A.B. asks: 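Here it is, the structure, as structure tokens.
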Amino acid sequence: MEKIKRFIPELVFFVFVAFVNFYRLFASSNFNPDMGRDMMWIWEILHRNFTLLGPKLSFGGYYLGPYYYYIFAPFVSLTQNFPYGLVASNALFSTIFTTLIFYILRKNHGILFAALSGVWISITPYFLFSARNPGNAYSYIAALFLQSIIFLYVKKNRFFYVCMGLMSGLILNFHPAAVFLLAPFVLGSFSKVKPKEILIRLSLYGLAAALLFAPLVLFEIRHNFIMFTNTFITKSYSAFLNAESPATMMRASSNPVTTFFQIDNFLYSWMNLSVALLTLLTFVLAFISKDTKAKRVAYLLISIVFLFNLALRYQVAIHYAFPLLIAVQSCLIYVLGKVKTKIWLPVLSALIVWAFISFPNSYYKDAYRPFERIYSNSASALKKMPLSNNGINVAYFVNNPLATLGYEYRYILKILGYKVMEEQEYAMSDELLVVSEEGELNFKSLKTWELDQFGSKELIASESAGGTIFYLFKKSDK
């Protein structure tokens, strides 16, 4: 009983974070194209069509490892292939990892420090958004934050670096942007370690991390290094380096100083504070503390800010910078814990008050694209249409250039029992379902890659449901 009582603070904190993460979770969850894509892959895994690949990167022709799909697949199966399992398990993992962060901070600084830090972390916009929105770009955020805290607080030995290597390999297969946080944290952890021991530990870490990339290596070997060829031989990586990828949200300046303040302004709404201001605060507090470790962590943070400033010059998307926000928060919390006076109390209190004042209430609003509505509209329209089961493909028209393949509608067709062709198989498909959320389409003047690939076609049916129009085409002999 005494052992259980020792973890009452963790239990109370877990309940708080669970409330923040799960409140109106399903009602506010949107079934977007990325979630539709993820559900398509998870569907294949649950139907024993296993894969070595995960989500595709915007860098050339490379893919990530498949762990994201395999980790969440069992939870999707519990909700009968509906996305609720994906959404709920993502929030649950984030809640667990955040509670583990609280536990480490409590063991080192006490309940009050851990509670204030944990609350600040859990209600920061980027962290809360990641907890409530599954995806390879977000689902690793709580785990990466936990790993940064582990690097800062846990005693290190060779076994530690094996475990951290495995964890890093898994995280990097969710999103490679994490490398700009992990690399400095790993290298910065070798202070007061002999050179020979550094080499051993670094080798153990590297080998453990590399092990998690084995599925991608195996895929490359089986397919004559197709990802390498598509990326470097055909030079498709140039779209990324020139910020021409559809994922690009901002074109950074060529001036590194201007870039830094551009990115700082770009990220403000995700932290509700300036990265520059928090970095400066960390640096000042580190020197006030007169603690050697605190000073090293301050320099570590500056190196991470510098690395992200260089990396984001090529392509800026919001989620690429989330590891930078993790570094800012984790390093500031560590330095605050090293200040001998209780300056951490007013600082953390002020951060929490500001976080609640600027709390993102919009995260809890009703979803604008709930799965139930899209599923209901699709099922209602499709049952009135003469679809065969010989092989159907999908083209999707909405005000989003990244959504033309209509993954969410492909997934619903699968749930309804239809044979859905791959997005590269328009020419081989017998039927084409065109879905429009932009109103009626004029096919005489409409030109898209998907329609051209399908070839000559004849409209055989159209139905409307809930403002969405469904057009069914079959191959024409013309």
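What you see is a predicted model; the values in this text were computed from it and never measured. Side-chain atoms are counted along with the backbone in the values below, which use heavy atoms only and exclude waters and symmetry mates.
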A.B. asks: Supply the atom-to-atom distance F356 CZ to I123 CD1, rounded to the nearest 0.5 angstrom.
C.D. replies: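 Reported value, rounded in 0.5 Å steps: 4.0 Å.
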
A.B. asks: Under a 3.5 Å distance rule, please check whether N136 uses its side chain to pair with a backbone N or O of P55 as donor and acceptor.
C.D. replies: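 No; judged by distance alone, with no hydrogens or angles, the pair does not exist.
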
A.B. asks: Can you list, pair by pair, the side-chain donor-acceptor contacts under 3.5 Å of residues 162-172, counting residues two or more places apart and other chains?
C.D. replies:
from	atom 1	to	atom 2	distance (Å)
S168	OG	Q147	NE2	2.8
S168	OG	M164	O	2.8
S168	OG	Y205	OH	2.6

A.B. asks: Enter the distance from N49:CG to I45:CD1 here, rounded to the nearest 0.5 Å.
C.D. replies: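 It comes to 9.5 Å.
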
A.B. asks: So, taking the atom named CG in N21 and the one named CG in L128, what distance separates them when rounded to the nearest 0.5 Å?
C.D. replies: 6.0 Å

A.B. asks: Identify the heavy atoms of V339 and L285 that sit nearest to each other, and give their distance.
C.D. replies: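 Looking at all heavy atoms of both residues, the shortest contact is CG2-O, 3.9 Å.
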
A.B. asks: Can you tell me if N272 uses its side chain to pair, donor with acceptor, with the backbone of A355 under 3.5 Å?
C.D. replies: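 Not confirmed, N272 side chain does not pair with A355 backbone.
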
A.B. asks: Do Y68 and N173 have side-chain atoms, one donor and one acceptor, less than 3.5 Å apart?
C.D. replies: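 Note: Y68 and N173 side chains miss the donor-acceptor criterion.
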
A.B. asks: I'd like to check F185 versus I304 (side-chain heavy atoms, cut-off strictly below 4.5 Å). Are they in contact?
C.D. replies: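 In short, these two side chains touch, coming nearer than 4.5 Å.
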
A.B. asks: So which heavy atom on Y62 is nearest to which on K56, and how close?
C.D. replies: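 Smallest heavy-atom distance, with atoms named: O-CG, 3.6 Å.
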
A.B. asks: Kindly indicate whether the side chain of Y407, heavy atoms from C-beta on, has any atom under 4.5 Å from the side chain of M39.
C.D. replies: no

A.B. asks: Where do L144 and H175 land on the side-chain contact (heavy atoms from CB on, under 4.5 Å) test, with the steps shown first?
C.D. replies: CA-CA 10 Å; L144 182 60; H175 206 284; over 6 Å; no

A.B. asks: I'd like to know if the side chain of R132 pairs up with that of S28 as donor and acceptor (distance under 3.5 Å, no hydrogens or angles considered).
C.D. replies: yes

A.B. asks: So, do L11 and T99 sit near enough that their side-chain heavy atoms are less than 4.5 Å apart?
C.D. replies: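 No; the side chains remain at least 4.5 Å from each other.
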
A.B. asks: Run the numbers on L57 and Y63 for side-chain contact (heavy atoms from CB on, under 4.5 Å), then give the verdict.
C.D. replies: CA-CA 5 Å; L57 292 171; Y63 286 75; over 6 Å; no

A.B. asks: Go through it in stages, so that I can follow the logic: the residues are Y23 and Y364, the test is ring pair (Phe, Tyr, Trp, His ring centres under 6.0 Å), and I'd like the CA-CA distance, side-chain angles, deciding distance and then a yes or no.
C.D. replies: CA-CA 7 Å; Y23 179 67; Y364 299 95; 5.5 Å; yes

A.B. asks: Applying the ring-ring contact (aromatic ring centres under 6.0 Å, His included) criterion to W270, which one of F129, Y320, Y138 satisfies it?
C.D. replies: F129

A.B. asks: To the nearest 0.5 Å, what is the distance between OG on S378 and CG on L416?
C.D. replies: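 Atom-to-atom, S378:OG and L416:CG are 7.5 Å apart.
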
A.B. asks: Give me the atom names and distance for the closest heavy-atom approach of F22 to A91.
C.D. replies: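 In this case the closest contact between F22 and A91 is CZ-CB, 3.7 Å.
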
A.B. asks: Run the ring pair (Phe, Tyr, Trp, His ring centres under 6.0 Å) check on F102 and F97 step by step: do they pass?
C.D. replies: CA-CA 9 Å; F102 170 86; F97 293 144; over 10 Å; no

A.B. asks: In the structure I gave you, are the side-chain heavy atoms of L187 and P184 within less than 4.5 Å of one another anywhere?
C.D. replies: no

A.B. asks: Quick one: does any side-chain atom of R410 pair with a main-chain N or O of V394 as donor and acceptor, under 3.5 Å?
C.D. replies: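 Yes: the side chain of R410 pairs with the backbone of V394.
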
A.B. asks: Check for a donor-acceptor pair, side chain of S380 on one end and backbone N or O of N377 on the other, with a separation under 3.5 Å.
C.D. replies: no

A.B. asks: Is it true that a side-chain atom of Y299 and a backbone atom of A294 form a donor plus acceptor pair closer than 3.5 Å?
C.D. replies: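 No.
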
A.B. asks: Just by distance, no angles: are the side chains of H109 and Y153 close enough, under 3.5 Å, to form a donor-acceptor pair?
C.D. replies: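 Looking only at side-chain atoms, Y153 and H109 do form a donor-acceptor pair, the distance falling under 3.5 Å.
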
A.B. asks: Dump the intermediate steps for ring pair (Phe, Tyr, Trp, His ring centres under 6.0 Å) on F82 and F371, then the final yes or no.
C.D. replies: CA-CA 8 Å; F82 279 28; F371 174 78; 4.9 Å; yes

A.B. asks: Would you call V87 and M35 a side-chain contact if the rule is heavy atoms closer than 4.5 Å?
C.D. replies: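 SC-SC contact between V87 and M35 confirmed.
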
A.B. asks: Is the shortest side-chain heavy-atom distance between L105 and I333 below 4.5 Å?
C.D. replies: yes

A.B. asks: Any non-hydrogen side-chain atom of L324 less than 4.5 Å from a side-chain atom of F180?
C.D. replies: no

A.B. asks: Closest approach of Y140 and H319, non-hydrogen atoms and distance?
C.D. replies: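 Smallest heavy-atom distance, with atoms named: OH-O, 4.3 Å.
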
A.B. asks: Tell me whether E10 is salt-bridged to R106, with the criterion being a basic N under 4.0 Å from an acidic carboxylate O.
C.D. replies: yes

A.B. asks: Using a 4.5 Å cut-off on heavy atoms from C-beta on, say whether the side chain of I200 contacts that of R158.
C.D. replies: yes

A.B. asks: Please check if the side chain of D264 supplies one atom and the backbone of V275 the other of a donor-acceptor pair under 3.5 Å.
C.D. replies: yes

A.B. asks: How long is the gap from CH2 on W41 to OH on Y70, to the nearest 0.5 Å?
C.D. replies: 9.5 Å

A.B. asks: With K156 as the cation and F160 as the aromatic partner, state whether NZ or CZ is under 6.0 Å from the six-membered ring centre and within 45° of the axis.
C.D. replies: yes

A.B. asks: Please name the pair of heavy atoms, one in L46 and one in V76, separated by the smallest distance, quoted to 0.1 Å.
C.D. replies: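 The answer is CD1-CG1, 4.1 Å.
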
A.B. asks: Okay, side chain of N81, backbone of S77: is any donor-acceptor separation there less than 3.5 Å?
C.D. replies: no

A.B. asks: Please find out if less than 6.0 Å separates the ring center of F75 from that of F93.
C.D. replies: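 F75 vs F93: aromatic centres under 6.0 Å.
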
A.B. asks: Counting only heavy atoms not in Y103, do more than 12 sit closer than 6.0 Å to its OH atom?
C.D. replies: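 Open.
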
A.B. asks: Kindly indicate, with the supporting measurements, whether the criterion side chain to side chain donor-acceptor pair (under 3.5 Å) is fulfilled by S189 and Y161.
C.D. replies: CA-CA 10 Å; S189 69; Y161 284 97; 2.7 Å; yes

A.B. asks: Identify, with sequence neighbours excluded, every residue that meets side chain to side chain contact (heavy atoms under 4.5 Å, CB included) alongside Y268.
C.D. replies: W354

A.B. asks: Side chain of T79, backbone of G85: donor and acceptor closer than 3.5 Å?
C.D. replies: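 Judged by distance alone, yes, a pair lies under 3.5 Å.
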
A.B. asks: Can you name the nearest heavy-atom pair linking S330 to L152, along with the distance?
C.D. replies: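 The pair with the smallest heavy-atom distance is O-CD1, 3.7 Å.
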
A.B. asks: Drop me the distance from K295's NZ to F283's CZ, to the nearest 0.5 angstrom.
C.D. replies: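 It is 9.5 Å, given to the nearest 0.5 Å.
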
A.B. asks: Could K414 and E44 be called an ion pair, given the rule that one side-chain N must be under 4.0 Å from one carboxylate O?
C.D. replies: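 Answer for the salt bridge query: yes.
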
A.B. asks: Answer yes or no: is there a donor N or O on one side and an acceptor on the other, between the side chain of S122 and the main chain of V119, under 3.5 Å?
C.D. replies: yes

A.B. asks: For the pair S29 (side chain) and L25 (backbone), establish whether a donor and an acceptor sit closer than 3.5 Å, ignoring hydrogens and angles.
C.D. replies: no

A.B. asks: Check R369 with E437, please: is the shortest side-chain N to carboxylate O separation under 4.0 Å?
C.D. replies: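 Yes, E437 and R369 are salt-bridged.
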
A.B. asks: CZ of F287: more than 12 outside heavy atoms within 6.0 angstrom?
C.D. replies: yes

A.B. asks: Hydrogens and angles aside, do Y126 and Q329 bring a side-chain donor and acceptor to less than 3.5 Å of each other?
C.D. replies: yes

